[in-house]
Every structure is written in C-alpha cells, then in structure tokens.
Colleague: 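Input: one structure, supplied below.
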Amino acid sequence: MLDLQYICDHLEEVKANCRNRGVQVDVSPILSLRDQRRELITRGDALRKEQKETSGKIPKASADQKPALIARGKQLREEVAKIEEEQKKVEEQLYALQSQIPNMTHPDSPVGRLEEDSVTVREVGEIPEFDFEPKDHVELAQGLDLIDFESGSKVAGHGFYYLKNEAVLLELALVQYAVEKLVAEGFTITTTPDLARDEVLEGIGYIPRGDETQIYSVENSDLSLVATAEITLGGMMKDEIIDADKLPLKIAGISHCFRTEAGAHGRATRGIYRVHQFTKVEMFGFTAPELSASDEYHQMILRIEEEIFQGLELPYRVLDICTGDMGGSSYRKYDLEAWMPGRGGYGEVTSCTNCTDYQARRLGTRCRTPGKKGTRFVHTLNGTAVAVTRAMIAILENNQQADGSVVVPAVLRKWVGVDRITAKKG
RNA sequence: GGAGAGAUGGCUGAGUGGACGAAAGCGCCGGAUUGCUAAUCCGGUAUACGGGUCAAACCGUAUCACGGGUUCGAAUCCCGUUCUCUCCGCCA
C-alpha cells in the first residue's frame, strides 16, 4: 500500500492515478480518518503518561494517599481502553481504504483500460511461416502423446493435466535451463513452499479468500496454495530489516502455481494455456528504495526474460503494460508475449513488475543504511523466468514440422536427450 | 501426533510485580593515548508512532515472539497462538 502521509499530501495525484488505473475508490475520507487517528493518539499518549505517573507514585505514597491514587489508576485504565478501541476502529478503516488504493504509476506507462492499450516496445525473432496447416499444441501433444487431459480431468477436474513422456523432460529441461541462466546471473536459487500463510499473500497483494479469489485456500487453516513464487519469495523478508549495502537481493524460486481462474471460463480454456496448476521459475528482487535502483533491476529482469526466449529461439514481443491492465502493486509492468501459431497470435509467457515500496510497506520489509538513522521500505520486483506450460506451448507450436514432430530447442537438448520429438511407434 | 523446555536489543546473555528501554559482554561508531600489524581508556550505539523543527535538537507514547487477561502498575503472573529445541511415535 501507499504511505498514509503520501496519500494525504498528494490527494489529487492519487485520485487521478486511481482513475487511470480504472480503480473505483473514494479516497476522500482519508483526511478525516488521518486526523481522527492523530487526535486519538495524542489523547491516548497523554492518558498513558498520567497512568504511568500515577502508578509510579503508589509505592512511595503514604497509606492514606494510596486509595485515591489507585482509584485514579483504575479510572485511567478504563479511559485508555476506550481510546484504544476507538483508535483500532479508525485504523481498520484506514487500512481498508489504503489497501484499495493502487500503487502510483511510472510516468511512461501507457494510460488505458484495455489490453490493447498496452504498447509494443519491440518484436524480436522471426514468426515462422509454415507450408502446411499448423496445428495447435493440443493436437500436437495428442499426436506425440505428451499430455493426458482426460486423466487430469478425471483425477482433479478440468484445468488439470498430466505431462507425459518428452513433455516431462521438456518441463525439467526448461526449469534447468532457466535455473542455469539465473545462477549465472548471480541469483540465489530456491525451491519454495507451495503454500503460504494468508498474511503473506495479503502482504504481496493477493486476497486469499472470498468470492472473487484466484487463490485456493486450505480449510481450517490460514494457508493457501501459492499462485506464484512471488508470494513465497517476497514473504522471505517479511518484517525484516536488511542492511542497505547488501542490496539488491537477487533471489529466484521454483514453485508450483495454483490458480482457480475464477471468472476466466470461456477465455482460452483449450489446452494448457490456462490451467489450475503449473510449474514456474520466478525471479524476485529487493532493491534500495530509489527508483534508479529498482528501474535498473526491472530492466535487468526484462533482459533476462528476453535472453531466455532468445535462447529458446522463440519469437516474442515486449509489451509496456497500460495503467488499467496492471495489478494494484505494480508501478510498472512489462509482459513478454511469445508467438503462438495455434492461436494465430501472441500469448503471454512472462511478466515482470516493479512494485516499488508498495509490497514492502505491507510486508514490513525495510533496509538500514549503516551509520544512518532510521529505516526505509525497500523496493520489490518480480518477474517470470519460465512459466513451463506457456513456454511449452510456444515451443511445440513454433517448432512443429509437417509430419507432426517437434524440434527441440538446441539449448534444451542436453536435458531432453533428443533433437526432435516424434510420434511413438505402435 | 504425544511429552517437555524455551523465545529478551545487531549478537551472546542477566533480569520472576514498581527504581527496566532493560545489567554485563561482544560487535559497531566517535574520541584519547601508546613507536610499532594491536592493546588500553573514555563516550556513544534500537525501532515505530504522535508532537515539534526549514532541517535538526528535543518532548511524549509504545515495543522483551504474537494476541488477550489479571493488576493502580507486567519482560516478570495467567490463557491462547506461532515458532525453535530435546525426547518418543510415524514417515519419504
């Protein structure tokens, strides 16, 4: 969330930003709530001061002074309790309101509401020309016995699948390839929990429970299945103070991602484009709280994402995501969309976001500069290295041959073990 | 899952109802001193919130895992939660 003081001092900018983002929230009450909070704190502090003084006098007081002091102490206790309750209520309202306000936006982010308002920064790679009718990944997978949708549905329902045969090797290869790249880039790699506490989800900006939620939650617990390792990677530093000279922290994680995809019915539901579970290698960053630092990190993540797809020899474009299409935490966001012949268009394969201090404030992740007083909230960033299912679609569809076989990208062959995936005999 | 022990500042660790934001040591910062890769001595060294200020200084409040309770008063007593450790069970 945004800083309360910042919101109050920049009310018009915040309101304009909400409009650009397509977020409907009445920001106005925040000023009076802020003032109410301040007054309650001032009054509470004064009462607590008297309370301390009163109770401090009691041990030294004479026997006939004591009853009056104790009576006053009791009275003060009640008054303090009342004030504290009021303060709690006001702060809850403030928190609820603040949580609805999205992050401020990079001045260069395109303003718009729809996906189409995002701006293509560049297109890289050759879109393949086929001298035959190209298949989509579902048909290809069927011909090559790579994905078992029927068993997936039977066992877990629509949106689940079994990868089989070379598809399994391809998944492992993609993960290995991404990890190898990230290690070379100086990331600390992790495998993260696939579940996380609701408070961590909330800190990152997810709403774990409720009608519209994208999150699977575990009953009778405060745990939810993670939608991305962004949650668990960001959560690592919850309530931590990091030495500023250790920044940026470059951490990556492999996790499964679980999404209910509520409300997404009918939208690209074919195949493994939109599924309830997939494997992903995610980059995360904690940087110094300066835009120069987080911008630089953001560009680095984007470069790595591009290099990963260039290495796979897949055509893609980079989108500068418009104000209306980014999440609440985002200050700026780029997507990579790979060409997917089966859809006859581009499909999102990665995404990278600079959240500035928006997530850090709620997570309580700060940094301290040695020798300087105080702490500041760090900037956080996240980006996809490889989302396995999406990358697999792009590989299968772009690398398909007239005979239905699929050429394995050269960089993955050492793990897949073959140059080409062909139909099984028999 | 069962039994027990524990959680104190950057770290180690004392503190079992009032004089405790908290001893001591280490670390760190500043200074003094000594001809010697260092030692010694002195001083300082948390964070958040509110007020205050151009900015500081400063003032107040809170914080001894977290949340509640008892009490005039809680690091200290009681309850719950989380986490850590030890032993047992189970298990990959």
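Quick caveat, the model's predicted, so the values are computed rather than measured. First the proteins, then the strands, lettered A, B, ... as listed; each starts at 1.
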Colleague: Can you sort out which residues in residues 3-14 of chain A have a heavy atom within less than 4.0 Å of RNA chain B? Ascending by number, please.
Modeller: none
Colleague: So A:Lys60, base contact, sugar-phosphate only, or nothing? Heavy-atom distance under 4.0 Å.
Modeller: nothing
Colleague: Classify the angle between the aromatic ring planes of A:His276 and A:Tyr216 as parallel (below 30°), tilted (30 to 60°) or perpendicular (above 60°).
Modeller: perpendicular
Colleague: So if I take residues 286-294 of chain A and measure heavy-atom distances to RNA chain B, which residues fall below 4.0 Å?
Modeller: none
Colleague: Which pairs, protein N/O on one side and nucleotides 77-82 of chain B N/O on the other, fall under 3.5 Å?
Modeller:
| unit_1 | atom_1 | unit_2 | atom_2 | d |
| --- | --- | --- | --- | --- |
| B:U82 | O3' | A:Arg197 | NH2 | 3.0 |

Colleague: Using Watson-Crick and G-U wobble pairs whose two distances are both under 3.5 Å, how do you write the pairing of RNA chain B as dot-bracket, with | for links to another strand?
Modeller: ((((((((.[[[..)..(.....]]]((((((.......))))))((((((......)))))).[[[[[..)....]]]]])))))))....
Colleague: What are the two closest non-hydrogen atoms of A:Cys8 and A:Ile30, and how far apart are they?
Modeller: SG-CG2, 4.2 Å
Colleague: Could you give the distance separating B:U61 and B:C54 at their C1' atoms, to the nearest angstrom?
Modeller: 26 Å
Colleague: State, without any angle test, whether A:Gln359 and A:Glu230 hold a side-chain donor-acceptor pair at a distance under 3.5 Å.
Modeller: yes
Colleague: Write down the distance separating the P atoms in B:U16 and B:A75, rounded off to the nearest Å.
Modeller: 13 Å
Colleague: With rounding to the closest Å, how many angstrom separate the C1' atoms on B:G17 and B:C64?
Modeller: 15 Å
Colleague: With respect to the side chain of A:Arg48, which nucleotide from B:C72, B:G60, B:A62 is positioned closest?
Modeller: B:A62
Colleague: Both A:Arg366 and A:Arg72 contact RNA chain B. Which one's nearest nucleotide lies toward the 5' end?
Modeller: A:Arg366
Colleague: Would you please indicate if the ring centroids of A:Tyr334 and A:His298 are separated by under 6.0 Å?
Modeller: yes
Colleague: Determine the Euclidean distance between corresponding P atoms of B:G4 and B:U8; express it in Å to zero decimal places.
Modeller: 22 Å
Colleague: Could you pull out all residues at least two apart from A:Glu50 that satisfy side-chain hydrogen bond (donor to acceptor under 3.5 Å, both in side chains)?
Modeller: A:Arg72
Colleague: Short of 4.0 Å, heavy atom to strand atom, which residues of residues 27-47 of chain A count as contacting RNA chain B?
Modeller: A:Arg37, A:Arg38, A:Ile41, A:Thr42, A:Asp45
Colleague: Going by side chain to side chain donor-acceptor pair (under 3.5 Å), A:Arg21 matches just one of A:Thr323, A:Asp325, A:Thr105. Which one?
Modeller: A:Thr105
Colleague: On RNA chain B, does the nearest nucleotide to A:Lys57 precede the nearest nucleotide to A:Lys74 from the 5' side, or the other way round? Give the residue.
Modeller: A:Lys57
Colleague: Identify which nucleotide among B:A48, B:G18, B:G73 has an atom closest to any side-chain atom of A:Thr375, counting heavy atoms from C-beta outward.
Modeller: B:A48
